[in-house]
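Single-structure report; data block below.
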Amino acid sequence: MPDTQSALVWFRRDLRVTDHSALALALAAHARVWCAFVFDTAILDPLRGEVPAADRRVEFIRESVIELDQALRGLASGLIVRHGKAVELIPALAQELGVTAVYANHDYEPLAIERDRDVAEALGHVGRRWITCKDQVVFEKDEIVTAAAGFFSVFTPYKRAWLKRLTPADLAPRASGAGHPAPAPVPKRLDLPIPELRALGFAPTNLAKLGIAPGMAGAARTFDDFLERIDHYRERRDFPAVKGPSYLSVHLRFGTLSIRSVARAAMERIVAGPNPGADTWLSELIWRDFYAQILSHRPDVAERAFRPAYDAIRFEEGPKADALFAAWCTGQTGYPLVDAAMHQINQTGYMHNRLRMVVASFLVKDLGIDWRRGEAYFARHLNDFDLASNNGGWQWAASSGCDAQPYFRIFNPTIQSEKFDPGGRFIRRYLPALAGLPDTAIHAPEKLDAQLQRRYGCVIGEDYPYPIVEHAAARERTLERYAVVKREPE
Ligand SMILES: Cc1cc2nc3c(=O)[nH]c(=O)nc-3n(C[C@H](O)[C@H](O)[C@H](O)COP(=O)(O)OP(=O)(O)OC[C@H]3O[C@@H](n4cnc5c(N)ncnc54)[C@H](O)[C@@H]3O)c2cc1C
């Protein structure tokens with residue numbers, strides 16, 4: 001017989017103690033609440049096959065789980081950690097502990113929804129309840145709808161409705177962590193050590209060397225640092241060589257800090273007086289909610305264009321397209337800003353937002369390659385990979401998405417470079433071969449005559465590739481390729 005006084009909270013992409021919706025809900029309803037995390041082989045095993053078994057995200061999660069366990073032990077509690085199939089382990093744990101219910105925060109990705117459905121079903125078979133709640137976003141699913149009760153597919157009216165609906169209660173911290181009832185200690189018989197990275201099938205990465213600090217402490221430090229700069233966010237955020245953005249995306253991805261806490265901090269500044277920095281930053285957080293609700297309403301975007309007409313576009317395929325794609329992946333396109341950006345993602349797992357737009361546009365509209373290939377590459381390499389935001393970003397760049405870039409607006413990668421990395425500081429950081437070039441030549445080094453190339457120590461074709469495609473010609477080809485969508489009603 002399940003014990004109605006006890007429950008289990010399953011942590012997933014919410015690796016923190018404070019302001020945790022599911023934990024707060026469980027603690028309010030049950031006297032004894034255990035906490036668990038599963039290194040789910042359904043997620044980890046495919047990663048091992050697809051990328052070198054060094055994956056920064058796995059290391060980030062493991063470090064965060066260690067910290068979460070320690071924080072819970074500090075409250076005389078602890079985390080039950082397992083490695084295996086979550087769909088089997090969670091119902092088994094629920095039975096073993098004799099709990100009446102399992103609590104978790106909502107996840108909006110199609111595979112996670114399927115997994116949660118399976119867990120709910122398995123729990124139902126053994127007479128336990130499955131209780132979930134919102135945590136990852138401020139507003140979810142149908143909370144923000146149009147006057148006709150449909151979902152918003154244009155950002156500006158969505159943002160307006162989002163702000164109109166917002167009350168202090170939406171951003172108030174949920175009752176968990178220090179000062180609130182503590183979860184129960186891990187029963188001795190269930191208290192196993194947290195698996196080593198190698199036991200999970202992964203090798204260590206350069207996470208620490210990069211200065212990416214995982215866990216709640218890392219999140220708090222990163223956020224404190226950003227709060228010093230938030231007032232300047234609007235004017236600094238577009239320049240990849242400048243410390244403009246927050247670098248919080250990986251923490252928001254794995255929930256090492258709550259979305260409510262960061263949105264609250266931005267709101268406090270906005271309310272205190274005109275603050276374009278905080279205002280613009282809050283807009284970015286609203287974009288995150290926007291894409292999450294798009295995925296909830298249109299899970300098919302994970303495979304198809306949001307605007308169906310765009311699936312008629314024929315992208316390049318075959319060995320030539322594969323070679324162009326490989327050059328893009330490895331940062332050898334001959335367009336310095338694109339190449340530097342691809343080195344950034346390959347070396348660090350992060351890419352600046354402006355550069356995500358530039359390289360995505362370049363892949364689709366200069367190389368004519370299907371956005372889904374770029375999306376999949378980002379999914380494998382980004383530390384902050386989030387299906388909703390990644391898909392939204394790629395479909396924006398490919399013009400197939402909601403509120404996307406019009407198809408005839410095609411970034412010129414050289415002009416983007418001159419505008420957003422004028423002194424070539426970012427390019428020099430990631431492309432040492434170009435470091436000796438003057439600012440005026442760094443954005444299109446192939447235009448320098450051979451003698452000057454030698455003088456500056458960068459011979460095109462030897463030290464750095466020629467552009468693999470000519471932008472003006474590629475632009476024309478793209479306009480022809482996209483002609484199939486011209487008649488699509490707006
Ligand atoms: C092609 C493409 C792919 C992208 N893939 C992802 C992804 O997989 N995961 C991801 O979190 N973001 C993605 N983004 C959005 C954005 O680039 C990153 O959120 C941002 O660069 C992360 O850095 P930051 O935390 O310093 O951002 P900041 O500028 O400090 O923004 C603060 C937070 O707002 C959110 N945010 C910012 N911009 C966006 C946006 N355009 N859409 C949705 N949320 C946003 C993020 O949670 C971010 O951490 C993508 C954008 C593009 C164009």
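Small disclaimer: the values here were computed from a predicted structure and weren't measured. Remember, it's 1-based here, ligands and their atoms both numbered in the order they're listed.
- In this structure, atom 43 (C) of ligand 1 lies nearest to the protein heavy atom Ser389 OG, 3.4 Å.
- Looking at Asp19 and Arg260, a side-chain N of the basic residue comes within less than 4.0 Å of a carboxylate O on the acidic one, giving a salt bridge.
- Per-residue contacts place Phe385 under 4.0 angstrom from the following atoms of ligand 1 (heavy atoms of the residue considered): 8 (O).
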Can you list, pair by pair, the side-chain donor-acceptor contacts under 3.5 Å of residues 416-423, counting residues two or more places apart and other chains?
from, atom 1, to, atom 2, distance (Å)
Gln416, OE1, Arg354, NH1, 3.0
Ser417, OG, His443, ND1, 2.6
Asp421, OD1, Arg425, N, 3.2
Asp421, OD1, Phe426, N, 3.1
Asp421, OD2, Phe426, N, 3.2
Asp421, OD2, Ile427, N, 3.0

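- Ser399 and Gln405 form no side-chain donor-acceptor contact under 3.5 Å, judged by distance and modelled atom types alone.
- Using a 4.0 Å cut-off to heavy atoms of Leu285, the atoms of ligand 1 that qualify are 33 (C), 34 (O).
- In terms of N/O distances under 3.5 Å, ligand 1 is approached by Leu248.
- Residue contacts with ligand 1: Ser246 is placed with a nitrogen or oxygen under 3.5 Å of a nitrogen or oxygen of the ligand (distance criterion only).
- With a 4.0 Å heavy-atom cut-off, ligand 1 is reached by the side chain of Tyr350 but not by its N, CA, C or O.
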Chi angles and distances behind the salt bridge (Lys or Arg N to Asp or Glu O under 4.0 Å) call for Asp322, Arg373: CA-CA 10 Å; Asp322 291 347; Arg373 290 184 80 175; 3.1 Å; yes

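- With distances taken over non-hydrogen atoms, the option nearest atom 6 (C) of ligand 1 out of Arg236, Met357, Arg356, Arg229 is Arg356.
- For the residue pair Asp339 and Tyr464, a side-chain donor N or O sits within less than 3.5 Å of a side-chain acceptor on the partner.
- Looking at Asp384, Leu387, Val250 and measuring to atom 11 (O) of ligand 1, the nearest heavy atom belongs to Asp384.
- Considering only non-hydrogen protein atoms, atom 19 (O) of ligand 1 sits nearest to Ser249 CB, 4.3 Å.
- Polar contact check, Tyr233 against ligand 1: a nitrogen or oxygen pair lies under 3.5 Å apart.
- At a heavy-atom distance under 4.0 Å, only side-chain atoms of Leu382, from C-beta outward, approach ligand 1.
- Between Arg229 and Asp225 there is a salt bridge, since at least one side-chain N of the basic residue sits less than 4.0 Å from a carboxylate O of the acidic one.
- Asp170 and Thr167 share a side-chain donor-acceptor pair at under 3.5 Å.
- At a 4.0 Å heavy-atom cut-off, ligand 1 touches Leu252 through the side chain alone.
- Side-chain contact of Glu375 with Asn391: a donor-acceptor pair under 3.5 Å is present, judged by distance alone.
- Which of Met351, His251, Glu284 comes nearest to atom 38 (N) of ligand 1 through a heavy atom is settled by distance: it is Glu284.
- Backbone and side-chain nitrogen or oxygen atoms of Trp281 are examined, and one is located within less than 3.5 angstrom of a nitrogen or oxygen of ligand 1.
- Within ligand 1, the atoms closer than 4.0 Å to a non-hydrogen atom of Asp386 are 7 (C), 8 (O), 9 (N), numbered from 1 in the order shown.
- Here the shortest heavy-atom distance to atom 15 (C) of ligand 1, taken over Ile259, Leu363, Asn353, Asp289, belongs to Asn353.
- Taking a 6.0 Å sphere around NZ of Lys134, one finds it holds more than 12 heavy atoms contributed by other residues, nucleotides or ligands.
- Of the N or O atoms in His352, none lie within a sub-3.5 Å distance of an N or O in ligand 1.
- Contacts between Tyr291 and ligand 1 below 4.0 angstrom, taking non-hydrogen atoms only, involve the side chain exclusively.
- At a threshold of 4.0 Å, the pair Glu284-Arg237 counts as salt-bridged, since one of the basic side-chain nitrogens sits closer than that to a carboxylate oxygen.
- Considering only non-hydrogen atoms, atom 44 (N) of ligand 1 lies nearest to Arg288 out of Gln405, Arg288, Glu375.
- Counting non-hydrogen atoms of neighbouring residues, nucleotides and ligands closer than 6.0 angstrom, the CD atom of Glu317 reaches no more than 12 such neighbours.
- In this model, no donor atom of one side chain and acceptor atom of the other lie less than 3.5 Å apart for Trp396 and Asp403.
- Of the candidates Phe385, Tyr350, Trp394, Trp394 is the only one forming a ring-ring contact (aromatic ring centres under 6.0 Å, His included) with Phe378.
- Protein heavy atom in closest approach to atom 26 (O) of ligand 1: Tyr247 N, 2.7 Å.
- From the protein, the heavy atom lying nearest to atom 5 (N) of ligand 1 is Asn390 OD1, 3.1 Å.
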